[in-house]
There are 2 protein chains.
Amino acid sequence: MATTQDRQLVEQWRSIQNSYFRTAAAIDRALEAKFDIGLNEFEILDLVAESVDSACRMKALGERTPMTQSAVSKVVDRLEKAGLVTRATCADDRRSLYLQLTDAGRTLHSEAAVEHRALLKENLGE
Amino acid sequence: MATTQDRQLVEQWRSIQNSYFRTAAAIDRALEAKFDIGLNEFEILDLVAESVDSACRMKALGERTPMTQSAVSKVVDRLEKAGLVTRATCADDRRSLYLQLTDAGRTLHSEAAVEHRALLKENLGE
DNA sequence: CGTCATTCAATGACAAGGAATATGATTCGG
DNA sequence: CCGAATCATATTCCTTGTCATTGAATGACG
């Protein structure tokens with residue numbers, strides 16, 4: 001029952017996979033080499049940086065990435081250990097945490113973002 | 001320096017990420033539930049099934065998936081343990097291995113493939 | 001042939017992610 | 001108010017993946 005359409009679907013899927021992995025790997029290696037953080041760490045940093053005004057809860061992050069809640073928690077652990085973000089308990093609801101970039105975090109983010117965008121452009125926009 | 005183009009690139013990237021992860025997760029769960037194998041295992045099985053005629057070397061697999069050589073090796077371990085494929089040393093070059101589906105492997109593959117294609121269609125072909 | 005570099009695959013140590021569960025905070029029905 | 005249910009986050013345990021290394025086989029070449 002291997003219809004032509006099936007084969008096309010599989011082709012399409014493999015092509016998505018390949019371009020996704022190639023791009024992710026390229027970015028990951030570059031960030032690792034130049035800034036000593038992985039892609040997932042950068043992406044969280046990027047999300048935190050986006051929400052400068054509206055303080056950023058962990059919960060919100062979970063909704064904006066395909067990462068699991070526990071993965072997000074661990075990524076934030078590493079970012080915190082690296083001194084790039086801080087977790088601040090928030091008065092309204094003490095279950096929640098607000099994340100904030102440290103100065104080091106802001107600096108690193110803005111430098112890494114340049115690299116990130118450049119690699120995206122190279123890999124997506126051909 | 002957050003240009004409009006940058007924002008578009010990031011948007012595009014996140015959209016790719018999300019659709020990739022959603023699709024992969026959906027397929028993975030379904031295969032796990034119904035056939036007790038993960039997505040990576042199925043994909044290797046699928047590659048082996050494709051090369052019925054030309055016996056399939058490990059090396060060849062490595063070139064057709066974004067997986068690492070060692071990851072492929074371990075996935076094949078599991079498939080072998082599950083009785084779905086066999087590794088046959090090959091006479092021409094005794095470093096190489098030829099993979100073959102067992103009967104169980106062939107059966108499981110053809111059933112799982114239906115599910116796989118259906119989910120691809122659902123997730124990619126909208 | 002004998003040596004040296006290269007190739008294919010497996011393995012062990014380690015890092016990262018997911019599922020399930022724990023913990024502490026909050027809300028809500030009565 | 002009290003207890004149950006729910007929520008936000010952390011943590012534990014297990015699986016899987018990567019990197020580096022190893023061992024065996026091959027090939028190039030003097």
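So you know, we letter chains A, B, ... as the sequences are listed, proteins then strands, and number each from 1.
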OP1 or OP2 of [N] versus the side-chain N and O atoms of [X]: is any pair under 4.0 Å?
{"X": "Ser96(B)", "N": "dC8(C)", "result": "no"}
{"X": "Ser73(B)", "N": "dA10(C)", "result": "yes"}
{"X": "Arg78(A)", "N": "dG17(C)", "result": "yes"}
{"X": "Lys74(A)", "N": "dA16(C)", "result": "no"}
{"X": "Thr68(B)", "N": "dT18(D)", "result": "yes"}
{"X": "Arg94(B)", "N": "dG27(D)", "result": "no"}

Between [X] ([atom1]) and [N] ([atom2]), how many Å, whole number?
{"X": "Glu32(B)", "N": "dT15(D)", "atom1": "CD", "atom2": "P", "answer": "12 Å"}
{"X": "Leu61(B)", "N": "dT7(C)", "atom1": "CG", "atom2": "P", "answer": "19 Å"}
{"X": "Arg57(B)", "N": "dA25(D)", "atom1": "CZ", "atom2": "C1'", "answer": "14 Å"}
{"X": "Glu80(B)", "N": "dA9(C)", "atom1": "CD", "atom2": "P", "answer": "13 Å"}
{"X": "Leu99(A)", "N": "dT9(D)", "atom1": "CG", "atom2": "P", "answer": "8 Å"}
{"X": "Phe21(B)", "N": "dG18(C)", "atom1": "CZ", "atom2": "C1'", "answer": "12 Å"}
{"X": "Glu41(A)", "N": "dG17(C)", "atom1": "CD", "atom2": "C1'", "answer": "12 Å"}
{"X": "Met58(A)", "N": "dT23(C)", "atom1": "CE", "atom2": "C1'", "answer": "15 Å"}

- Item | Pair Glu63(B) + Lys59(B): basic N to acidic O under 4.0 Å | yes
- Query: Is the distance between the ring centroids of Tyr20(B) and Trp13(A) under 6.0 Å?
  - Reply: yes
- Task: Select one nucleotide: of dA8(D), dA9(C), dA20(D), the one nearest the side-chain heavy atoms of Leu97(B).
- Result: dA9(C)
- Task: Could you work out which one of dT18(D), dT9(D), dA9(C) sits closest to the side chain of Lys59(A)?
- Result: dT9(D)
- Is a donor-acceptor contact shorter than 3.5 angstrom present between the side chain of Arg95(B) and the base of dT7(C)? yes
- Message: Please determine whether any donor N or O and acceptor N or O are separated by less than 3.5 Å between the side chain of Gln69(A) and the base of dA10(D).
- Response: yes
I'd like to know if the side chain of [X] and the backbone of [Y] have a donor-acceptor N/O pair within less than 3.5 Å.
{"X": "Thr68(B)", "Y": "Ala71(B)", "answer": "no"}
{"X": "Thr65(B)", "Y": "Met67(B)", "answer": "yes"}
{"X": "Thr102(B)", "Y": "Leu84(B)", "answer": "yes"}

- Hey, does Asn40(A) reach any base, or is it just sugar-phosphate, or nothing, if we go heavy atoms under 4.0 Å? sugar-phosphate
- Hey, does Asp28(A) reach any base, or is it just sugar-phosphate, or nothing, if we go heavy atoms under 4.0 Å? nothing
- Message: Pairing donors with acceptors under 3.5 angstrom, does anything connect the side chains of His116(A) and Asp46(A)?
- Response: no
- Residue whose nearest DNA chain C nucleotide is more 5′ - Ala91(A) or Ala71(A): Ala71(A)
